[in-house]
Engineer: 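Before anything else, here's the structure in question.
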Amino acid sequence: MSVLSIRTVFFPLLALAFLAGCAGDASMEFNDPYERTNRKIHNFNKAVDRALLRPAGNAYGAVFTDESSEMMNNFTANMAMPRRIANNLLQFRIGEALVSTLRFGLNTTLGWGGLFDVATEAGMTNNDSDFGMTLHRWGVGEGVYVELPFFAGRTARGSVGLVVDLAFDPLNAVTPAKYSTHKTALTLVEMAGDRHEYSAIFDEVLYNAEDSYATQRLYYLQNRRFELNDGEISDADLENPYDTE
Amino acid sequence: MTPNNPSRRQILAGISAATLMAAAPAAALTKGEAEQLIDNIVSDIVAIINSNDRGQAMFNRFEKVFATYADVPLIAQKSLGPAWRGASASQRRAYVAAFRGFMARSYGSRFEEFVGASITVTKSRKTSGGFLVDSKIKLKGKSPFKAQWHVIDARGKTLMFNLFLEGVSVLSDTRVQIGSMLDKRGGNIDKLIAHLRTAG
């Protein structure tokens with residue numbers, strides 16, 4: 001654990017704001033100049049998973065039935081709506097912002113505070129959005145790959161997005177201070193729920209892959225590019241079968 | 001005539017695949033051929049995972065499906081990365097042979113998770129060297145996800161080259177795994193080949 005000095009952990013965090021602005025070299029498969037540090041943090045995250053997150057995911061699976069787990073997912077997804085609406089607006093996606101607002105209103109009222117997803121049942125689309133996506137729409141490049149303690153790997157752009165989304169969540173402004181602990185607790189339960197729902201892929205990547213760091217980096221980056229590219233494979237990831245190595 | 005008779009469908013699929021294989025090398029790959037290939041692969045995969053075959057029996061069937069519908073030598077070469085250049089002709093042959101079984105086990109165990117799934121081809125678009133065919137995989141009680149198949153014109157044959165699951169390239173993933181296996185063996189290709197014969 002001595003390898004995790006303040007410097008190794010926080011230097012990448014401090015550098016993020018600057019690096020997010022630097023466009024990565026598109027010809028390179030991955031822009032990962034801090035691989036040595038990232039790998040140390042990755043090992044730390046794996047230890048956290050083994051000791052805390054995986055057991056929490058198992059406990060979640062034991063406690064929640066499929067039905068209650070779905071309600072839980074609905075509730076946390078509804079709590080994320082103000083943040084999504086804010087990002088829809090920042091991306092000038094007015095139509096999506098309207099749909100998201102309507103969805104939030106419907107699920108909060110008719111859906112019993114968000115426990116039931118009546119909006120989806122009524123046929124409304126659900127568009128995910130975050131500040132990393134907003135930065136992408138604004139033309140900010142992917143930046144370097146960084147593995148954050150407790151949050152696994154993401155791009156510099158995605159990391160800035162994460163910090164902004166957590167710090168400037170519109171919901172914080174209207175949540176009375178005495179409930180902020182409840183909100184934190186809910187986030188932790190949500191993490192345990194995700195760990196349970198995606199346990200097969202988590203275990204595969206972290207414990208069965210030949211190189212868990214490289215595998216996680218690959219999965220994250222390609223999946224994120226796909227997501228930002230509206231569900232299409234980016235040209236960078238679509239290999240030309242005929243080029244000679 | 002029962003349109004859903006599986007054996008009849010399989011025979012028809014087999015005939016149409018055979019026609020594709022026999023197509024003149026000069027004819028460029030079409031969108032219809034690319035989608036047909038994926039329809040065939042998908043129905044074969046679904047038939048395997050929904051059968052009672054598991055373990056080696058299942059992997060043997062996957063190996064046959066890949067030998068028929070995928071450009072396994074090219075996938076093997078691309079999965080080895082830069083080390084391919086340094087390999088001798090006999091090492092390359094031994095590596096490709098070992099890769100066939102490895103691919104059946106590693107891709108096959110991925111498909112095994114699709115048991116009971118419905119897979120439908122949704123659309124396709126032209127891309128470098130061929131087509132990218134989109135399909136939707138729906139597993140019971142889970143939200144559907146996207147599998148995209150890169151189909152190429154391989155020396156006049158229509159073959160699968162790569163598969164993307166929610167944007168993640170299975171070829172890139174295999175390259176990461178094999179690269180790491182090679183590193184752990186000090187870059188020794190012969191040791192990698194010996195390991196691949198049982199790995200997966």
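Every value quoted in this text rests on a predicted model; they were computed, and no experiment measured them.
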Engineer: Given a strict heavy-atom distance threshold of 4.5 Å, which part of B/Gln148 is in contact with chain A: side chain, backbone, both, or neither?
Structural biologist: side chain
Engineer: Kindly say whether A/Glu232 contributes a backbone atom to a donor-acceptor pair with the side chain of B/Lys146 at under 3.5 angstrom?
Structural biologist: no
Engineer: One pair to check against side-chain contact (heavy atoms from CB on, under 4.5 Å): B/Ile152 and A/Tyr242. What are the steps and the verdict?
Structural biologist: CA-CA 10 Å; B/Ile152 60 166; A/Tyr242 303 116; 3.8 Å; yes
Engineer: Between B/Glu166 and A/Arg224, does at least one N-O distance fall below 4.0 Å, as a salt bridge requires?
Structural biologist: no
Engineer: Measure across A/Glu239 and B/Arg175 and return the closest heavy-atom pair with its distance rounded to 0.1 Å.
Structural biologist: OE2-NH2, 2.5 Å
Engineer: Can you confirm whether A/Phe226 sits close enough to B/Val168 that some side-chain heavy atom of one is under 4.5 Å from a side-chain heavy atom of the other?
Structural biologist: no
Engineer: Taking atom CE of B/Met181 and atom CG of A/Asp211, what is their separation to the nearest 0.5 Å?
Structural biologist: 11.5 Å
Engineer: Report, as yes or no, whether the 6.0 Å neighbourhood of atom NZ on B/Lys191 holds more than 12 heavy atoms from other residues, nucleotides or ligands.
Structural biologist: no
Engineer: Mind checking the OG-CD spacing from B/Ser109 to A/Glu204? Nearest 0.5 Å is all I need.
Structural biologist: 7.0 Å
Engineer: Which bit of B/Asp134 is near chain A, if near means a heavy-atom gap under 4.5 Å: side chain, backbone, both or neither?
Structural biologist: side chain
Engineer: Minimum heavy-atom separation for A/Pro241 and B/His150, please, with both atom names.
Structural biologist: CD-CE1, 4.1 Å
Engineer: What's the spacing between B/Ser180 OG and A/Tyr213 OH if we round to 0.5 Å?
Structural biologist: 13.5 Å
Engineer: Above 12 or not: heavy atoms from other molecules or residues under 6.0 Å from CD of A/Glu70?
Structural biologist: no
Engineer: Using modelled atom types only, decide if a donor and an acceptor are shared between the side chain of A/Gln222 and the backbone of B/Ser169 within a distance under 3.5 Å.
Structural biologist: yes
Engineer: Apply side-chain hydrogen bond (donor to acceptor under 3.5 Å, both in side chains) to A/Tyr60 and list each qualifying residue two or more places apart in sequence or on a separate chain.
Structural biologist: A/Ser69
Engineer: More than 12 heavy atoms of other residues, nucleotides or ligands under 6.0 Å from NZ of B/Lys184: yes or no?
Structural biologist: yes
Engineer: Got more than 12 heavy atoms from elsewhere within 6.0 Å of CZ, B/Phe145?
Structural biologist: yes
Engineer: Which bit of B/Ile178 comes within less than 4.5 Å of chain A, counting heavy atoms only: side chain, backbone, both or neither?
Structural biologist: neither
Engineer: With a cut-off of 6.0 Å (strictly less than), are more than 12 heavy atoms of other residues, nucleotides or ligands near CH2 of A/Trp138?
Structural biologist: yes
Engineer: Rounded to the nearest 0.5 Å, how far apart are CG of A/Leu238 and CZ of B/Phe164?
Structural biologist: 5.0 Å
Engineer: What's the shortest heavy-atom distance between B/Val176 and A/Ala214, and which atoms?
Structural biologist: CG1-CB, 3.7 Å
Engineer: Testing the basics here: between B/Gly167 and A/Ile233, what is the closest heavy-atom pair and its distance to 0.1 Å?
Structural biologist: CA-CD1, 3.8 Å
